[in-house]
Every structure is written in C-alpha cells, then in structure tokens.
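Have a look at the structure below before the remarks.
Labels below follow one simple rule: chain letters A, B, ... track the order of the sequence lines, proteins then strands, and each chain is numbered from 1.
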Amino acid sequence: MSTEPKDKDLSRNLGEPLNFIEEIIEKDLAEGKNDGRVHTRFPPEPNGYLHLGHAASICLNFGLAQKYKGKCNLRFDDTNPITEETEYVESITEDVRWMGFTPDQILYSSDYFEQLYGFAVDLIKKGLAYVDDSTAEEIAAMKGTPKEPGKNSPFRERSVEENLDLFERMRKGEFAEGSKVLRAKIDMASPNMHLRDPFLYRIKHAHHHRTGDKWCIYPMYDMAHGQSDSIEKITHSICTLEFVPHRPLYDWLIEKLGIFPSKQYEFARRNFSYTVVSKRKLLQLVNEGHVSGWDDPRMPTISGLRRRGYTAAALRNFADRIGVAKRENVVDIGLLEFCVRQDLNKKAARVMAVLDPLKVVLTNYPEGKTEWMETVNNPEDESAGTRKIPFTRELWIERGDFMEDPPKKFFRLGPGRLGRLKSGFIIQVDDFVKDENGKVTELHCTYFPESRSGSDTSGLKPKATLHWVSVEHAIPAEVRMYDRLFTVENPLSGEKDFKEYINPDSLKVIKNALLEPALKNAKPGGSYQFFRLGYFTPDPDSTEDKLVFNRAVTLRDAWAKAKKKK
RNA sequence: UGGCCCAUGGUGUAAUUGGCAACACAGCAGUUUUUGGUACUGUCGUUCAAGGUUCGAGUCCUUGUGGGCCAACCA
C-alpha cells in the first residue's frame with residue numbers, strides 16, 4: 001500500500017499515454033467543463049447482433065466512464081420500426097452485461113418520441129423546419145450532388161401556421177406513408193450534403209417494437225440521436241468517422257433548440273482480418289445458411305465468440321490493446337487469438353482428450369488393474385489444485401503422436417521409441433498392428449513401473465510427453481473444430497463476392513472424440529485446455545448423454561509451424 | 001469545378017506536445033520445460049513525397065501523392 005500514490009486523480013494516467021479521446025476529456029476536465037462530469041453512452045440500433053467492432057466500442061464508452069468516474073448509458077437507437085426487434089434488444093443487453101459492464105441506465109430513443117416531437121414543433125415555430133410534399137424522387141433531384149448545389153423545394157416557404165397544421169396532421173395519420181416529410185430549413189447550396197434541408201421526420205404506418213401503434217411518424221437519426229444525447233446530458237458522444245459530416249447538423253440542431261450541448265467525437269471503425277463486421281454481411285451469412293446463426297462460433301458476433309469459448313476478459317484486453325484512433329485500420333485477428341490464449345492459459349484447467357484415437361496396449365501391465373494418477377489442474381495456477389485420472393492396461397493416445405517411420409525432427413513415438421504419458425508412466429513401443437489397408441490400429445508397448453510421474457527413478461529421458469485416456473473410463477464426445485471463417489485477410493477487397501472466400505474447413509466435426517471421465521459434468525461457460533491440443537468449451541448443444549465441445553483456439557504449435565514450412 | 005477526414009516497422013498503437021522514434025502482436029534464433037504449451041533471452045524491421053520555418057521536425061506551414069467518407073423517407 002505504501003507505493004500507492006496519495007492523489008488518485010493525479011496518478012491516474014501517469015506514465016501511460018492517452019488516446020485522442022482521453023486527451024479531449026482531460027482537457028475538458030482541466031477547463032472545468034460540464035461541472036467535471038464525464039457521461040458517455042453506447043447507442044446500438046436493435047436491428048442485429050453486436051460484433052467485435054461493437055465490443056471495442058462498448059469497452060471504449062464504458063471504459064471511459066470507469067476511468068473518469070463518470071457514467072455510461074446503454075441507449076437503443078430505435079427510430080426505425082421496420083428493422084428493429086425485441087430479439088435484438090435482448091441479445092444486445094445480454095452482450096453488454098456479459099462483457100462485464102453495467103449501464104448506468106438502459107434507455108431508448110423511443111422513450112423521447114413525445115419530447116422529440118416537441119422539438120420539431122419548436123423548430124417549425126422558429127421558421128427552421130417545413131413540411132415538404134415532394135416525392136422522394138423529386139427531393140433527390142433537388143438535392144444536387146456533392147459538386148453541384150441543390151435547389152429549394154417549392155414547399156420551402158410555407159407559413160409557420162401551415163407547417164404546424166400539416167405536421168400535426170402527419171402525426172394524426174391523415175397522410176399516406178411517404179407523402180410528406182418534415183425537413184430542416186438550412187442551406188440547399190451547402191457543400192455539406194447533410195445541411196441541404198435534411199429530413200427530420202417521415203411517415204411510417206408501422207408497428208414499433210416498444211411504442212406499438214402510437215406513432216405513425218418517426219424521427220430520423222439526425223433528429224433523434226443528438227437530441228437524445230442532449231436529453232441525457234451526455235458530455236462526450238463518441239461515434240465512428242462516417243458521422244463526421246453529420247456533426248455540423250448535430251451542433252446546429254442543439255444550438256437552434258437551445259438544449260444541453262452534448263459534443264460529438266469520431267474515431268475510425270475497427271476492421272479485422274479474416275472476417276467481416278458489417279451487419280448486412282453478417283445477416284447474409286445467417287440468412288443464406290453459411291453459418292448456423294448469429295451465435296455460430298465462427299461469427300465475429302459477441303454471442304458467437306462467447307459460444308466459441310472466448311472470454312470477456314480476453315475481449316476487453318484486446319480492445320485495450322488495439323486502442324482507438326482516426327486512421328483506416330485492419331487489426332490482425334491473431335492479436336485477439338493471442339489475448340484468448342493469454343487469458344485461458346491462466347484460467348483453463350488442463351484435461352485429457354483424444355481426438356483421433358489410437359489404441360495402446362501395455363503388454364506388461366496387469367489386466368483389470370486401475371491406478372488413479374494424481375495430476376495438476378493448472379500449472380499456471382497452483383490454487384486450481386489437483387485431481388486423479390485412471391491409468392489402465394489399455395489406453396487411447398493421439399494417432400498423430402505415432403509415426404511408423406518418423407523423421408529425425410519428430411520426437412514423439414515410433415517403433416522402439418520412448419514416450420512419457422503425462423502424469424502416468426514412460427512407455428516404449430515394441431510392436432504395432434496394421435489392418436488390411438495398412439492403417440495402424442494398435443500399439444503394443446511396455447511400460448516402466450519405476451517411471452511413475454512424480455517418483456521417477458528410471459533415469460529414462462523420453463523426448464515427448466503425450467496425452468492419453470483410459471479405454472475403460474473414456475467418455476465419448478463430439479468436438480467441433482473451428483477455424484477462421486474466411487481464407488483471406490480481407491474478404492471484401494477481392495474480385496469475387498465475399499462469400500466465395502469462406503473457408504471450407506472453418507468447421508470440422510469430430511464425432512468420436514474420447515475424454516477423461518472428469519469431464520462428465522462440464523457445463524457451457526467453462527474453459528478447458530485439452531492437453532497439447534487447444535482451448536475448448538462445452539457447447540449448449542450438449543445433452544445428458546452426449547457432450548459437445550467447441551474449440552476456441554489452438555495452442556501455439558511450433559511443430560505444426562515447422563511442418564508447414566517444409 | 002465541391003466539402004471533410006486520414007497517412008509512423010508486416011499489423012495495431014506510442015513518442016513527455018518542436019529535443020536520441022518506442023510498446024505489443026506477428027516473424028526469426030535460442031534457453032527452460034513431464035504440454036513442440038507457458039515463461040525467459042536475443043534479433044529483424046518504421047516516420048508517404050518535395051519544399052519551407054527552426055540550432056533542431058514524425059510533430060508546425062505549403063504543395064503534391066495515396067487512401068477513406070459525404071446523395072437512402074437507414075443508423
């Protein structure tokens with residue numbers, strides 16, 4: 001405790017560099033803005049599942065609130081009733097919670113519909129908004145292009161009274177969908193397209209997931225987002241770069257309305273190699289059956305990664321490492337895998353599982369005998385304790401751990417070779433049996449009784465340690481081996497449609513893996529390291545008599561890498 | 001003949017705000033190891049270009065180049 005600095009606020013960032021948003025916040029704090037408050041928000045639209053990009057945004061917004069002892073709301077930006085659903089609200093809420101954050105408040109833009117309507121009326125009264133009867137095509141034609149100015153709508157100069165009347169009747173449902181819109185009256189010649197009399201309200205005779213049929217006019221993003229920020233007294237409204245051109249409109253509306261001046265700041269969206277993170281693309285993968293659903297373990301969705309066996313701690317650490325900036329980026333997904341391994345290495349219990357079994361018969365081991373061998377649960381965590389695993393005359397080992405004609409660099413089993421069975425005994429291969437196809441079906445070995453793990457007096461030094469499972473005690477399981485969903489770094493930049501780059505081997509199902517008996521009661525959410533194979537987690541598809549495991553990530557594998565190079 | 005944003009090793013970010021370009025991942029080589037895991041050590045490699053300001057520029061200015069964004073009754 002003596003090394004703990006007295007002044008927490010001062011020590012807060014000593015030594016660690018700030019990202020550009022933290023710099024803005026600290027400057028604001030130093031200048032006494034917002035009474036020293038920091039209030040952010042995470043504002044998803046409930047029209048899809050959250051993905052890796054959102055995970056980073058969640059960590060940013062909630063992380064900032066934590067760091068500066070502020071608040072962070074979860075606000076659903078639900079102003080488009082056509083695409084939004086309760087299912088998405090539920091998954092998003094769960095994902096945020098699972099990520100380890102608790103929103104200060106859970107709110108909805110739709111909570112503010114009445115207030116937002118009032119804001120619109122206020123703008124009309126100030127002569128800053130008007131009802132336009134033009135068709136969508138006419139409005140588009142009058143909009144101009146980025147290089148040419150637009151033209152004023154013939155309805156632009158309607159009187160305040162007429163606008164008020166029309167807008168009220170829009171609300172009452174007197175007009176057909178698409179027949180009228182409310183637009184801000186700004187500048188049709190602005191070089192910023194978003195200032196060319198942007199839409200504020202549109203008519204949609206649609207059922208809303210929360211307000212039901214109460215409304216038939218709905219505010220556009222620009223009429224809702226900044227105002228919601230303002231209503232919640234958000235101090236720092238953080239969004240992605242594509243909203244930069246919206247900022248003048250964000251500020252214009254707040255200024256004209258005379259409401260709390262929330263400020264918008266933008267950062268570059270994060271892209272990740274070997275995957276896609278656009279809701280439209282992800283929806284396609286789901287709808288076209290390329291994956292089993294939004295939570296398919298190959299999906300970059302938070303729910304998919306969770307099911308895959310990735311941990312929230314790994315995701316948080318990842319978000320922290322990739323940082324936040326304003327330039328285009330493609331984050332190496334290998335860094336996420338590194339974070340997952342790093343976290344799981346400390347937490348996951350080591351267990352024995354054989355994925356491609358090859359039988360070993362210890363010819364000098366008594367039939368019917370079982371020795372319960374003690375083994376460490378996690379060498380990285382002494383507090384994880386120990387357990388016992390059954391050792392018998394007949395065992396399963398990994399087929400890949402034996403070679404009939406091993407090269408020098410291969411130091412596992414071969415004819416005459418020694419091998420250490422983890423937490424068991426050292427064995428030597430005396431003979432092997434093949435079937436008519438030349439496939440090795442069985443190894444005949446002798447074991448060295450004096451080589452027992454922990455009390456080895458044999459003096460033998462095998463080069464490899466192998467995992468194994470007792471034939472008699474093994475429990476069967478299905479194991480789903482997941483790999484990256486795409487074969488190329490950027491599936492979107494190729495010549496072909498991104499789905500052409502889907503990795504045909506992104507899922508390999510092993511129907512008859514064999515596990516040590518201790519795994520009998522494994523439950524989804526748990527993390528295990530299958531010794532020497534990788535990190536695995538039970539899938540919710542598991543049943544009483546059939547366990548299903550998902551591979552989260554392999555172990556780093558120097559041998560596999562060396563083989564690949566050849 | 002539009003406006004805006006951006007540019008630092010292979011990747012992602014730093015650089016005490018004008019003072020010796022660094023951290024992580026990846027790569028390579030090695031040590032340790034009852035996981036070809038972990039841990040540890042070493043190593044490779046960086047300021048888009050050209051001018052300018054300055055004793056001094058990744059940082060400031062100008063121009064250029066390259067990339068991105070901006071038109072939806074989407075967010």
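With centroids closer than 5.5 Å and planes inclined by less than 30 degrees as the test, A:Trp559 and the base of B:G36 pass as a stacked pair. Centre separation under 5.5 Å together with a plane angle under 30° does not hold for the ring of A:Phe199 and the six-membered base ring of B:C73, so they are not marked as stacked.
Residue A:Lys346 is classed as having no contact, given no heavy-atom separation below 4.0 Å to the nucleic acid. Counting non-hydrogen atoms under 4.0 angstrom, A:Arg196 reaches nothing in the nucleic acid.
If you check distances only, the side chain of A:Arg420 does reach the base of B:U34 with a donor-acceptor pair under 3.5 Å.
Under the Watson-Crick and G-U wobble criteria, each requiring two contacts below 3.5 Å, nucleotide B:C69 is paired to B:G3. Nucleotide B:A39 is matched to B:U31 when pairs are restricted to Watson-Crick or G-U wobble geometry with both distances under 3.5 angstrom. B:C55 is paired with B:G19 under the Watson-Crick or G-U wobble criterion, all donor-acceptor distances under 3.5 Å.
Judged purely by atom type and a 3.5 angstrom limit, A:Asn329 uses its side chain to pair as donor or acceptor with the backbone of A:Asn271.
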Do any N or O atoms of the protein come closer than 3.5 Å to N or O atoms of nucleotides 9-12 of chain B, and which pairs are they?
residue : atom : partner  : partner atom : Å
B:U11   : O3'  : A:Val330 : O            : 3.1
B:U11   : O2'  : A:Val330 : O            : 3.0
B:U11   : O2'  : A:Asp332 : N            : 3.4
B:G12   : OP1  : A:Val330 : N            : 2.9
B:G12   : O2'  : A:Ile322 : O            : 2.8

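Between A:Asn378 and A:Ala325, it is A:Ala325 whose nearest contact on RNA chain B lies nearer the 5' terminus. Mapping A:Thr135 and A:Arg350 onto RNA chain B by nearest heavy atom places A:Arg350 at the nucleotide closer to the 5' end.
Contacts between residues 79-86 of chain A and RNA chain B, counted as heavy-atom distances below 4.0 Å, involve A:Thr79, A:Asn80.
Distance check on atom P: B:A15 versus B:G19 gives 11 Å, rounded to whole Å. Only the P atoms considered, B:U46 is 29 Å distant from B:U53, to the nearest whole Å. B:U47 and B:G66 have their C1' atoms separated by 16 Å, with the value rounded to a whole Å.
In this entry the base of B:U13 is anti relative to its sugar, with a glycosidic angle more than 90° from 0.
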